[in-house]
Every structure is written in C-alpha cells, then in structure tokens.
Asks: 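Structure provided below as structure tokens; questions to follow.
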Amino acid sequence: MGFSPSLVRGPEESGPVVDSEVKTRITPIDEFKLPRQGQDCLVVIYSSDARLFGKRHVLGDQPLTVGRGSENDLVLENDSVSRRHARIEKRGRSWHVIDLDSTNGTYLNDEAVKDAQLRRGDQLKIGDTILKFLSGSDVEAQYHEVIYRMTIQDGLTGAHNKRYVLETLEREIPRARRYERPLSLLMFDLDHFKRINDTYGHLAGDYVLKELAAVVRARLRPDDVFGRYGGEEFAVILPETPLSGAVRAAEELRRLVEAHRFAFEGEPIRVTISVGAAQLGEGMDVHAFIRSADEKLYAAKRAGRNRVVS
C-alpha cells in the first residue's frame with residue numbers, strides 16, 4: 001500500500017508498451033485523498049423542551065457558548081441552567097467543554113467536569129438537556145443513526161420509549177394468541193418521586209431515573225422489552241411468560257431497586273418501586289392489557305408502596 005504502478009510515456013511516444021517502458025512511481029501518503037468530512041456538531045437527544053429534539057448545532061471556528069441568557073449561541077431556557085453555563089472551544093484538532101462556574105455543573109458521560117475533551121459519541125448534560133457529540137467523520141450517517149434511535153429510545157434513560165412499547169405490544173399480542181403462548185406485562189413507577197425532585201433537585205431526579213433503568217436492564221432477558229412509558233413510569237413486556245413468572249421477575253426487580261445504592265454527588269437517596277403485573281387475557285387489546293397492569297400498579301400504591309400486586 002502506498003505504491004502505484006504506472007505507465008510513464010512521453011507525449012510524443014506512440015506504439016505498444018514494452019517492458020523497458022514500465023516503471024514504478026512511489027506515491028507519497030499525502031496524495032491519497034480522504035472523503036470530504038462533515039462538520040463536528042452537537043445534537044440534542046433529550047430535553048424537557050420538545051422543540052429542541054434532534055436539533056443539530058454545528059461547531060465552527062468560534063467557541064460555542066451555552067446558557068440561559070439570550071446572549072448565548074445555544075440558549076437553554078431551564079432554571080437548572082446558569083445564565084453563562086459552559087463553553088465549547090477548539091484546541092488544535094479537538095473540542096473541549098469548559099464549565100463557566102455554573103451553579104449545577106456540566107456533566108460529560110455522567111461525570112462532573114470543569115474542562116474536558118469531547119470524543120465521538122460523548123454525551124454532554126447541561127441542566128436537563130443532553131447533547132451528543134458527533135465528529136466530522138461520516139457525520140451524516142451518525143446523525144441519522146441518532147435520529148432513528150430517538151424515535152425508539154428515551155434519551156435520558158436509554159430505555160425504549162412509549163411509542164416502541166406500544167408498537168411491540170401490537171406485534172406481541174397477535175403472536176401470543178397465534179401460538180397460544182403466555183404474554184405478561186409489568187408496569188411500575190418510583191415511589192414518592194416528586195419528593196426526590198423536591199428534596200434533592202431535578203438533576204438528582206434525572207440521575208435516579210437513569211440509574212434505575214440500568215439496574216432493571218441488567219436483570220432482564222434478551223427478549224424482554226423495557227421502556228419508559230412516561231415520567232417516572234416504566235413498562236416491561238415479558239414474552240412467553242405466565243403471570244407466576246412475571247410476579248417472580250417483578251419481585252426480583254423490586255428487591256434489586258430497594259437494595260441498590262443510589263447516591264447523587266455523595267448524597268444517598270432511598271429509592272423503591274411499586275409494580276403491577278398482568279397476563280394477557282381473552283379479548284384484551286393493547287390498551288386493555290396496559291390498563292389491567294396499571295390498575296394493579298395503583299393497587300400496589302394504595303396498599304403502601306414498595307410492593308408487587310398481580
């Protein structure tokens with residue numbers, strides 16, 4: 001690689017090429033032309049402001065400032081964002097994020113940072129907004145992959161979103177009936193989640209939701225479907241699982257969450273969940289199935305929370 005055989009002929013020459021006319025030319029590496037690269041950018045993958053979803057912010061020669069104040073290049077209108085919160089600047093060939101002594105901090109891949117380099121795929125969290133850094137190499141493919149994931153995945157927790165949960169049930173219910181296989185559904189949410197937000201702040205609440213999702217995901221089987229149904233409520237679809245198996249899975253999840261150490265910036269937070277479990281019944285459609293599991297969830301809350309009702 002780096003060597004290119006070529007035929008060297010003078011402009012006045014004609015006739016067949018003979019062996020003496022075949023020469024080898026050494027091609028310098030810098031003559032190989034790489035495909036034109038796109039521009040590095042940040043893409044909003046999660047925000048309480050739905051208008052921001054999927055927006056791409058191109059990083060140019062000048063630093064990009066982020067904050068609540070209108071003078072910033074990227075304005076995030078959220079109380080947890082400082083007026084001048086952070087700056088993204090280029091140093092040589094790499095991008096760095098600098099926290100501007102913000103009140104609530106700047107997070108890179110869930111770690112608080114003051115000055116850190118951005119690498120392809122990194123997630124930057126400012127207030128309740130999460131931005132993904134895409135490098136210029138193959139940026140269009142990366143961007144479309146991010147947008148696709150946003151249609152099926154919750155940007156904060158990494159769990160599937162409500163749309164994907166509903167679409168999965170639309171497929172799984174006919175399949176369960178066709179093959180006469182059991183299908184179960186868990187609906188659960190965090191107990192006293194508003195109290196967590198009020199006591200520790202919304203950033204701590206976001207942390208709890210993300211950490212909870214990681215705990216649950218680690219327990220589930222490959223064929224199980226886990227999604228954030230809305231707010232602090234989650235769903236788990238359990239194919240080929242009767243109600244008894246669903247209750248066992250629910251109890252295990254409840255115990256795992258209760259035993260897990262949730263700590264935000266060194267502050268321990270007690271987290272428990274209430275779970276409703278239901279099995280697909282005769283004549284149930286998607287909404288009736290969800291309603292059945294939801295009714296059990298609310299029964300668990302009325303019974304004192306941190307429990308499973310089926």
Side-chain angles (χ1 to χ4, degrees), residues 39-136 139 142-143 146-147 150 154-158 193-211 228 230-232 262-269:
Q39 291 178 285
D40 298 336
C41 64
L42 292 167
V43 180
V44 178
I45 64 171
Y46 181 82
S47 175
S48 59
D49 185 349
R51 297 170 299 175
L52 297 179
F53 279 130
K55 282 202 172 179
R56 175 165 48 177
H57 299 273
V58 174
L59 300 175
D61 295 331
Q62 299 301 314
L64 179 83
T65 58
V66 186
R68 196 174 73 251
S70 59
E71 70 277 9
N72 291 283
D73 302 306
L74 173 52
V75 179
L76 301 177
E77 297 175 350
N78 187 277
D79 290 341
S80 57
V81 177
S82 298
R83 288 196 62 82
R84 294 179 66 255
H85 197 108
R87 181 176 72 251
I88 293 92
E89 65 180 34
K90 196 168 190 178
R91 298 178 190 165
R93 300 180 66 179
S94 62
W95 288 96
H96 290 249
V97 57
I98 300 96
D99 181 77
L100 301 177
D101 296 323
S102 64
T103 302
N104 291 307
T106 299
Y107 291 81
L108 186 62
N109 300 324
D110 294 329
E111 295 289 334
V113 295
K114 289 296 184 182
D115 188 327
Q117 183 179 343
L118 293 173
R119 291 179 170 81
R120 176 176 173 175
D122 278 352
Q123 292 190 11
L124 180 64
K125 189 168 189 288
I126 296 176
D128 69 348
T129 300
I130 301 176
L131 303 111
K132 189 164 187 173
F133 175 66
L134 305 184
S135 65
V139 69
Q142 295 177 60
Y143 179 67
V146 168
I147 296 303
M150 286 175 63
D154 175 58
L156 175 67
T157 63
F193 185 64
K194 184 178 184 301
R195 186 185 301 170
I196 292 174
N197 277 331
D198 291 345
T199 304
Y200 303 99
H202 288 277
L203 294 181
D206 285 352
Y207 156 78
V208 168
L209 290 171
K210 189 168 186 176
E211 188 75 2
R228 185 180 180 189
E232 67 271 24
F262 292 83
F264 181 72
E265 296 184 343
E267 188 78 25
I269 303 173

Asks: Do the side chain of T103 and the main chain of S82 share a donor and acceptor less than 3.5 angstrom apart?
Replies: no

Asks: Would you say S47 and D49 are linked by a side-chain donor-acceptor pair, where the criterion is simply a distance under 3.5 Å?
Replies: no

Asks: Using modelled atom types only, decide if a donor and an acceptor are shared between the side chain of N78 and the backbone of R68 within a distance under 3.5 Å.
Replies: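 No, N78 side chain to R68 backbone: no donor-acceptor pair under 3.5 Å.
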
Asks: Is the F53 ring parallel, tilted or perpendicular to the Y46 ring (thresholds 30°, 60°)?
Replies: perpendicular

Asks: Between R84 and E71, is there a side-chain N and carboxylate O pair less than 4.0 Å apart?
Replies: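 No salt bridge links R84 with E71.
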
Asks: By side chain to side chain contact (heavy atoms under 4.5 Å, CB included), which residues pair with K90, not counting sequence neighbours?
Replies: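 In terms of side chain to side chain contact (heavy atoms under 4.5 Å, CB included), with neighbours along the sequence ignored, K90 is linked to W95.
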
Asks: Can you confirm whether L203 sits close enough to F264 that some side-chain heavy atom of one is under 4.5 Å from a side-chain heavy atom of the other?
Replies: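 The answer is yes, as the side chains (C-beta and beyond) meet within the 4.5 Å cut-off.
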
Asks: So, taking the atom named CZ in R56 and the one named CD1 in I147, what distance separates them when rounded to the nearest 0.5 Å?
Replies: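 One finds 8.5 Å between CZ of R56 and CD1 of I147.
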
Asks: If I take atom CD1 from residue I126 and atom CG from residue N104, how far apart are they, to the nearest 0.5 angstrom?
Replies: 11.5 Å

Asks: To the nearest 0.5 Å, how far apart are CG in D73 and CG in L59?
Replies: 10.0 Å

Asks: Are any side-chain N or O atoms of D115 and backbone N or O atoms of I98, one a donor and one an acceptor, separated by less than 3.5 Å?
Replies: no

Asks: Which pair of non-hydrogen atoms, one from A86 and one from V97, has the smallest distance, and what is that distance?
Replies: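 Looking at all heavy atoms of both residues, the shortest contact is CB-CG2, 4.4 Å.
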
Asks: Any non-hydrogen side-chain atom of V113 less than 4.5 Å from a side-chain atom of D99?
Replies: no

Asks: What heavy-atom pair brings S70 and R83 nearest, and what distance separates the two atoms?
Replies: N-NH2, 4.3 Å

Asks: Does the salt bridge (charged side-chain N to carboxylate O under 4.0 Å, His left out) test come out yes or no for D206 and K210, once each step is laid out?
Replies: CA-CA 6 Å; D206 285 352; K210 189 168 186 176; over 6 Å; no

Asks: Starting at CG of L42, measure out to CG of L118 and round the result to the nearest 0.5 Å.
Replies: 6.5 Å

Asks: Working note: L124 + F133, criterion side-chain contact (heavy atoms from CB on, under 4.5 Å); need CA distance, chi angles, decisive distance, verdict.
Replies: CA-CA 8 Å; L124 180 64; F133 175 66; over 6 Å; no

Asks: For H85 and D101, indicate whether the former's side chain and the latter's backbone hold a donor-acceptor pair under 3.5 Å.
Replies: no

Asks: Measure across R228 and L209 and return the closest heavy-atom pair with its distance rounded to 0.1 Å.
Replies: NH2-CD1, 3.5 Å

Asks: Excluding sequence neighbours, so at least two apart, what forms salt bridge (Lys or Arg N to Asp or Glu O under 4.0 Å) with E89?
Replies: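 Once residues adjacent in sequence are excluded, the partners of E89 under the salt bridge (Lys or Arg N to Asp or Glu O under 4.0 Å) criterion are R87, R91.
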
Asks: Do Q123 side-chain atoms and I130 backbone N/O form a donor-acceptor pair below 3.5 Å?
Replies: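 Pair absent, no side-chain N/O of Q123 close to backbone of I130.
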
Asks: CG of D122 to CG of L131: how many Å apart, nearest 0.5 Å?
Replies: 12.0 Å

Asks: State which residue, out of V81, V75, I88, fulfils the side chain to side chain contact (heavy atoms under 4.5 Å, CB included) condition with V66.
Replies: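 Of V81, V75, I88, side chain to side chain contact (heavy atoms under 4.5 Å, CB included) with V66 is met by I88 alone.
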
Asks: Counting N and O atoms only, with roles assigned by atom type, does the side chain of K194 sit under 3.5 Å from a partner on the main chain of I196, one being a donor and the other an acceptor?
Replies: no

Asks: If you compare all heavy atoms of I269 against all heavy atoms of A204, which two are closest, and at what distance to 0.1 Å?
Replies: CD1-CB, 4.2 Å

Asks: For A116 and L108, which heavy atoms make the closest approach, and how far apart are they?
Replies: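 For A116 and L108, the tightest heavy-atom pair comes out as CB-CD2, 3.8 Å.
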
Asks: Using 0.5 Å steps for rounding, measure from the CD1 atom of I45 to the NZ atom of K132.
Replies: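 Reported value, rounded in 0.5 Å steps: 6.0 Å.
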
